[in-house]
S.K.: 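Could you have a look at this structure, given as structure tokens, before my questions?
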There are 2 protein chains.
Amino acid sequence: MNVSSKPERTRLSAEDWELAALHLIAEQGVGALAVEALARQLGVTKGSFYWHFRTREALLQAALERWEQYGEREVLGQIEQIADPRKRLPELFRRVAHELQPHRVYAALLKALDHPQVVPVMARVSQRRMEFLTTAYREAGLPAPEALNRARLTYAAYVGFLQLNFTLGLPRINHEEFDAYVEHMIATLIPV
Amino acid sequence: MNVSSKPERTRLSAEDWELAALHLIAEQGVGALAVEALARQLGVTKGSFYWHFRTREALLQAALERWEQYGEREVLGQIEQIADPRKRLPELFRRVAHELQPHRVYAALLKALDHPQVVPVMARVSQRRMEFLTTAYREAGLPAPEALNRARLTYAAYVGFLQLNFTLGLPRINHEEFDAYVEHMIATLIPV
DNA sequence: GGTTTACCATACGGATGAGTATGGATCGCT
DNA sequence: AGCGATCCATACTCATCCGTATGGTAAACC
């Protein structure tokens, strides 16, 4: 939480800037990532920034790579250790559904796909997750080509849901309704 | 096609600007919508633009509203006249899958959701389409709450697919593979 | 054919935000 | 305590892009 506007006034590291950048991206999108704004938020000025980074582009790049590596261990790592492959997918769905924070950055990057720097990062991340889903579906009993298509469908549904309910604020689905939706997803997407 | 860089040199109307704007948005995103750039592309200067529109924002608004109204008649209108409700959904899926142009603008607007002006438009359009899908699923035999969730799932899959395959260029799915994917969608999403 | 109206060019003002130059402050080490 | 390296502030430059002011040209109507 060392990110808000308290004048903490310890000296900053490159990592501080990257984390603050991710935080800002999650809240206001990539377009809002301006160095003077970030500096104000951190209680310093541009002079500090340009000591740590050569350019604004370099900061964005570093922040994106940090996010990519973090998400790698976090999101997938904890799921792989669910023993029963046939229980794995529903469990995955439910866990993912009840998190919130990890999706914020992903959703923000989703609506920043017109920025050339984020496209390759998102492509890699999405690709890896879909491959993960594909093997999960295979282990759940689907033949190879079906497993791939089901993974595509599932991940597309995830991405689309973020867009429709996070970004657009479509008729703000409430809590029970959301749980019902998740169970509906499980019922129609996961083979018995 | 009166939109490329030929110096056509007939005088322009507001409609010309709006169509050119939509074209530019489809190709380069909302962020690229700058008046001087558009003017160059149309073979005129800013002087022309500010005769037709009070501001850049006004042009974007007009273009979005034009797109919204056009899409209303086009995308939904032709589908409603498929007689058999149980044939309607698969037919809808296949038709939508084999169009291309209408999705370009939608995909471009999807990755411009950080722009306040496009959010309400996209919210309205998406909402209407999902309501359309919901009644289609009801007519196909699903009970009301299931129909709504299935419509959510379906439309989320559509939106996500655009993002993953249009915007990100994930391992560029080829033609036969794409057809197989569509059939897979039909098989898993549409009730027998 | 001359005047009104619609459309456009040119030239400017002003705001914003990236990047640079340079000097000052603070930390770590001896 | 003193000194070098690290970190930051201030004060610029420069490019971009929106919007304005104003005069010019071509179509339209009488």
Side-chain angles (χ1 to χ4, degrees), chain A residues 2-25 27-64 66 108 112 114-118, chain B residues 2-25 27-64 66 108 112 114-118:
Chain A
N2 282 346
V3 85
S4 43
S5 55
K6 314 162 194 166
E8 310 247 344
R9 306 311 306 105
T10 49
R11 306 168 107 196
L12 301 176
S13 67
E15 184 176 352
D16 294 323
W17 285 94
E18 294 168 14
L19 292 176
L22 283 176
H23 203 266
L24 205 167
I25 288 173
E27 306 246 302
Q28 309 193 38
V30 175
L33 186 63
V35 332
E36 306 203 50
L38 240 196
R40 262 194 306 279
Q41 189 174 321
L42 285 171
V44 293
T45 67
K46 303 164 54 157
S48 170
F49 176 84
Y50 284 99
W51 193 90
H52 293 286
F53 297 92
R54 248 182 26 79
T55 168
R56 182 204 114 112
E57 194 176 321
L59 168 65
L60 178 54
Q61 196 63 38
L64 291 175
R66 171 174 294 275
D114 49 352
H115 199 114
Q117 277 186 93
V118 325
Chain B
N2 282 347
V3 82
S4 42
S5 53
K6 313 164 195 165
E8 310 249 341
R9 306 309 305 107
T10 50
R11 307 168 103 197
L12 301 175
S13 68
E15 184 175 352
D16 294 323
W17 285 94
E18 294 168 14
L19 292 176
L22 283 176
H23 203 266
L24 205 167
I25 287 173
E27 306 246 301
Q28 307 192 41
V30 174
L33 187 63
V35 331
E36 308 203 48
L38 239 197
R40 262 194 305 279
Q41 189 175 320
L42 284 171
V44 292
T45 67
K46 302 165 53 158
S48 171
F49 176 82
Y50 283 99
W51 193 90
H52 294 285
F53 296 92
R54 248 181 29 77
T55 167
R56 181 207 114 113
E57 196 176 318
L59 168 64
L60 178 54
Q61 197 62 39
L64 290 175
R66 170 174 294 275
D114 49 353
H115 199 113
Q117 276 186 96
V118 325

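Chain A is the first sequence line, chain B the second, and so forth, proteins listed ahead of strands; every chain is numbered from 1. Treat the numbers as computed from the prediction; the structure is a model and nothing was measured.
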S.K.: May I ask you to check whether over 12 heavy atoms, not counting those of B:E57, lie within 6.0 Å of atom CD?
M.R.: no

S.K.: If you look at every heavy atom in B:A62 and B:F53, which pair is closest and at what distance?
M.R.: CB-CE2, 4.2 Å

S.K.: Can you measure A:Y50 atom OH to D:dC7 atom P for me and round it to whole angstrom units?
M.R.: 18 Å

S.K.: How many Å lie between CZ on A:R40 and P on C:dA18, as a whole number?
M.R.: 10 Å

S.K.: With a 4.0 Å cutoff (strictly under), does any side-chain N or O of B:S48 reach OP1 or OP2 of C:dC7?
M.R.: no

S.K.: Between the side chain of B:H52 and the main-chain N/O of B:L12, is any donor-acceptor distance below 3.5 Å?
M.R.: yes

S.K.: Roughly, in whole Å, what's the span from CG in A:L59 to P in C:dG17?
M.R.: 16 Å

S.K.: If you assign A:E36 and A:G47 each to the DNA chain C nucleotide with the nearest heavy atom, which residue ends up on the more 5' nucleotide?
M.R.: A:E36

S.K.: Ignoring hydrogens and angles, tell me if any N or O in the side chain of A:R56 forms a donor-acceptor pair with the backbone of A:L33 under 3.5 Å.
M.R.: yes

S.K.: Look at the side chain of B:V35 and decide which nucleotide, out of D:dA9, C:dC8, D:dC18, has an atom nearest to it.
M.R.: D:dC18

S.K.: Report the relative orientation of the aromatic rings in A:F49 and A:W17; use parallel for angles under 30°, tilted for 30 to 60°, perpendicular for over 60°.
M.R.: perpendicular

S.K.: Rounded to the Å, how far apart are A:L38 CG and C:dG17 P?
M.R.: 13 Å

S.K.: If you take all heavy atoms of A:D16 and A:R11, which pair is closest and at what distance?
M.R.: OD2-O, 4.2 Å

S.K.: Could you tell me how far apart B:F49 (CZ) and D:dT20 (C1') are, to the nearest whole angstrom?
M.R.: 14 Å

S.K.: Ignoring the backbone of B:L12, work out which of C:dG19, D:dC8, C:dC8 is nearest its side chain.
M.R.: C:dC8

S.K.: List the atom of B:Q117, the atom of B:L64, and the distance in Å for their closest heavy-atom pair.
M.R.: O-CD1, 3.7 Å

S.K.: From CZ of A:R54 over to C1' of C:dT20, roughly how many Å is that when rounded to an integer?
M.R.: 13 Å

S.K.: Collect all protein-nucleotide pairs involving nucleotides 2-6 of chain D in which both atoms are nitrogen or oxygen and the distance is under 3.5 Å.
M.R.:
from: D:dT6; atom 1: O2; to: A:R11; atom 2: NH2; distance (Å): 3.0

S.K.: Starting at atom CD of B:E15, determine the distance to atom P of C:dC7, rounded to an integer number of angstrom.
M.R.: 13 Å

S.K.: Quick one: on DNA chain D, does A:K46 or A:H52 contact a more 5' nucleotide (nearest heavy atom)?
M.R.: A:H52

S.K.: Would you kindly give the CZ-to-P distance between B:R56 and D:dT20, to the nearest whole Å?
M.R.: 15 Å

